[in-house]
**Q** 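Before I ask anything, let me first share the structure, which is written out below as C-alpha cells.
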Amino acid sequence: MIDHLTLSRPDDWHLHLRDGAMLAAVAPYTARDFARAIVMPNLVPPVRTGADAAAYAARIRAAIPDGADFTPLMTLYLTETTDPDDIEAAHTAGIITALKLYPAGATTNSDAGVKDVTKAHAVFERMEALGIPLLTHGEVTAPEIDIFDREARFIEDVLDPLRQRFPKLRVVMEHITTKDGADYVASATPGSMGATITVQHLMLNRNHMLVGGVRPHYYCLPILKRSTHQDALVEAATSGDPRFFLGTDSAPHPTDLKENACGCAGVFSAPNALACLAQTFEDAGKLDQLEAFVSRNGASFYGLPTNTSTLTLERTDAPQPVPEPIIVGDQTVTVFDPIRPIHWRVVR
Ligand code: DOR
Ligand code: ZN
C-alpha cells in the first residue's frame with residue numbers, strides 16, 4: 001500500500017478569502033498547502049475594477065505569513081457596466097487572471113451580478129481577443145427553476161448559447177455538481193473549456209445533507225446533488241482528463257450564520273482539503289491521478305507552469321481528526337467534516 005505521496009505543490013483554482021479579520025484568519029491555511037489560488041471577487045462591495053483587484057491583492061499578501069510560497073491570482077466581478085478597457089489594462093499589467101460571471105442573485109453576495117448577459121457582450125469580445133478566461137457560477141436564478149435543476153438549465157439556457165456566440169472565449173464552469181456539467185465539459189475541445197470540482201461535491205451527496213436531520217455545514221451552492229451525480233464527478237476528477245481540476249470553493253462563514261434559521265451557503269475546507277482528496281482518490285483506486293487533478297491540469301489550462309516545489313502527504317493507520325474550528329474575533333468557523341475516516345495528512 002502507498003503510504004507517502006509527493007506531489008508538485010498543488011493550486012486551488014477557486015477560493016474565497018474574504019477580507020479583514022476573516023481574511024487574516026483563513027489565508028494562512030491556504031498558503032501553507034497551495035502555491036497559487038484563484039481568488040473570488042464576491043466581497044461587499046465586489047472587486048469590480050483593476051484598481052479594486054490591485055488593492056485586494058495587497059491586502060491578501062499582507063495576510064500571508066512571511067516566507068509562505070503563495071501567490072493570489074485575482075479575478076474581477078463581471079457586472080453589466082464592466083469596462084472592456086479597464087479589464088484589458090488590468091490584464092496587461094498582470095493584475096488579473098480572469099473574470100467571474102455570477103448570475104444576479106445566484107449565491108452569496110451576487111446581487112451586483114449579471115441579469116442580462118447581452119449587456120456584457122462587449123466584455124466577452126475583448127476577453128476572447130485577449131484570451132482572458134471567463135469563470136462561471138453555472139446556475140440559472142429564475143425563481144420557477146427548481147434548485148436541483150439550476151446547473152443543467154444554465155448549460156442549456158446560458159452557457160451553450162454564449163459559447164456558440166463567442167467560440168474562442170475560454171470558459172471555466174466553476175464547481176460543477178452534476179453529470180450534465182461533467183459531460184458538457186468533457187465534450188468541449190480541450191483548452192477551450194475547463195471545470196473545477198470541490199472537495200465536498202466529490203465526497204458527499206444530498207443524502208448526507210438531508211437524511212436524519214438538516215446539516216447546515218453541507219449547504220453550499222450549487223447545492224449537493226444525488227449520488228449518481230457525485231459518482232460522475234468522482235469519475236471526472238480521477239480520470240486524468242486535463243479539463244477537470246481542483247477548485248475547493250472553500251468559503252468561510254461564521255458558525256452562527258451557518259447554524260441559523262436561514263443559514264449561509266459555503267463549506268470551509270481549506271485546512272483539510274488535500275487530506276480529504278487523498279482519501280477520496282484512494283477510495284476510488286486512483287491515487288495515481290491525484291497529482292493531475294490538484295497540481296497539473298489547472299496550471300496547464302491557465303497557461304502557467306506546474307509548481308517546482310513539492311508537497312508530501314502521508315498515510316496514517318489511525319484516522320485523522322477533523323480540524324478544530326478556527327477562531328475569528330469572537331466567532332468561529334467550522335471546518336469541513338468529510339464524514340468518512342481520513343487516513344492521510346500533509347507532512348509539514
Ligand atoms: O456555497 C457557496 N458559497 N457558493 C458560492 O457560490 C459562494 C460561496 C460564498 O461566497 O460563500
Ligand atoms: Zn465560490
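Counting starts at 1 for both ligands and their atoms, in listed order. In what follows, residues are counted from 1 in the order of the sequence shown. All of these numbers come straight from a predicted model, not from anything done at the bench.
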**Q** What do you reckon, does His253 have a nitrogen or oxygen under 3.5 Å from a nitrogen or oxygen of ligand 1?
**A** yes

**Q** Under 4.0 Å from ligand 1, counting heavy atoms only, is it the side chain of Cys220, its backbone, both or neither?
**A**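 It is both backbone and side chain that touch ligand 1.
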
**Q** List the closest protein heavy-atom neighbour of atom 4 (N) of ligand 1: residue, atom name, distance to the nearest 0.1 Å.
**A** Leu221 O, 2.8 Å

**Q** For Glu174 and Lys100, what are the C-alpha separation, side-chain angles and deciding distance, and is it a salt bridge (Lys or Arg N to Asp or Glu O under 4.0 Å)?
**A** CA-CA 9 Å; Glu174 298 294 335; Lys100 178 73 187 277; over 6 Å; no

**Q** Under 3.5 Å, is there a donor-acceptor pair linking the side chains of Ser309 and Asn307?
**A**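 Absent: no donor and acceptor within the cut-off.
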
**Q** Asp149 vs Arg153, test: salt bridge (Lys or Arg N to Asp or Glu O under 4.0 Å). Steps then yes/no.
**A** CA-CA 6 Å; Asp149 298 336; Arg153 284 294 293 274; over 6 Å; no

**Q** Quick one: does Gln200 get within less than 4.0 Å of ligand 1, heavy atoms only?
**A**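 It does not, in that no heavy atom of Gln200 comes within the 4.0 Å cut-off of ligand 1.
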
**Q** Quick one: do Asp3 and Arg315 make a salt bridge, cutoff under 4.0 Å?
**A**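 Salt bridge flag = no for Arg315 with Asp3.
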
**Q** Of all N/O/S atoms in Asp249, which lies nearest to the Zn ion (ligand 2)?
**A**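 For Asp249, the N, O or S atom at the smallest distance from the Zn ion (ligand 2) is OD1.
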
**Q** How does Asn42 reach ligand 1, by side chain, by backbone, by both or by neither, if only non-hydrogen atoms under 4.0 Å count?
**A**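 Answer for Asn42: side chain.
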
**Q** Do Asp52 and Arg48 meet the salt-bridge criterion of a basic N to acidic O distance under 4.0 Å?
**A**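 Salt bridge: no.
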
**Q** Could you tell me whether Glu174 approaches ligand 1 through its side chain, its backbone, both or neither, with non-hydrogen atoms closer than 4.0 Å?
**A** neither

**Q** Side chain or backbone, does Pro222 bring an N or O within less than 3.5 Å of an N or O on ligand 1?
**A**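 Min N/O separation from ligand 1 is not below 3.5 Å for Pro222.
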
**Q** Would you mind listing which atoms of ligand 1 come within a distance below 4.0 Å of any non-hydrogen atom of His137?
**A**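 What qualifies from ligand 1 is 6 (O).
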
**Q** Below 2.8 Å, any N, O or S contact between His14 and the Zn ion (ligand 2)?
**A**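 Under 2.8 Å: His14 contacts the Zn ion (ligand 2) through an N, O or S atom.
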
**Q** Give the residue, atom name and distance (to 0.1 Å) of the protein heavy atom nearest atom 3 (N) of ligand 1.
**A** Ala265 O, 3.0 Å

**Q** Which atom pair, heavy atoms only, marks the closest approach of Tyr102 to Ser110?
**A** CB-CB, 4.0 Å

**Q** Whether the Gln289 and Ser239 side chains hold a donor-acceptor pair (N or O, under 3.5 Å, no angle test) is what I'd like checked.
**A** no

**Q** Report the name of the N/O/S atom of His16 located nearest to the Zn ion (ligand 2).
**A**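 When I compare the N, O and S atoms of His16, NE2 is nearest to the Zn ion (ligand 2).
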
**Q** For Arg9, which of Asp69, Thr306, Asp33 qualifies under side chain to side chain donor-acceptor pair (under 3.5 Å)?
**A**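 Output: one option passes, namely Asp69.
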
**Q** With heavy atoms of Ala251 as the reference, note each atom of ligand 1 found under 4.0 Å away.
**A** 3 (N), 8 (C), 9 (C), 11 (O)

**Q** Could you tell me if Arg170 sits above the aromatic ring of Phe301, with its cationic atom closer than 6.0 Å to the ring centre and no more than 45 degrees from the axis?
**A** yes

**Q** Non-hydrogen atoms of Met40 versus ligand 1: any pair closer than 4.0 Å?
**A**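 In this structure, Met40 fails to qualify as a contact of ligand 1 - no heavy atom is under 4.0 Å.
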
**Q** Decide whether a cation-pi geometry holds between Arg165 and Phe124; the criteria are a distance under 6.0 Å from NZ or CZ to the six-membered ring centre and an angle within 45° of the ring axis.
**A** no

**Q** What's the shortest distance from atom 7 (C) of ligand 1 to any protein heavy atom, and which residue and atom give it?
**A**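 For this ligand atom, the closest protein heavy atom is Thr107 OG1, 3.3 Å.
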
**Q** Check this for me - ligand 1, Arg18, N or O atoms closer than 3.5 angstrom, yes or no?
**A**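 N/O-N/O distance under 3.5 Å: yes.
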
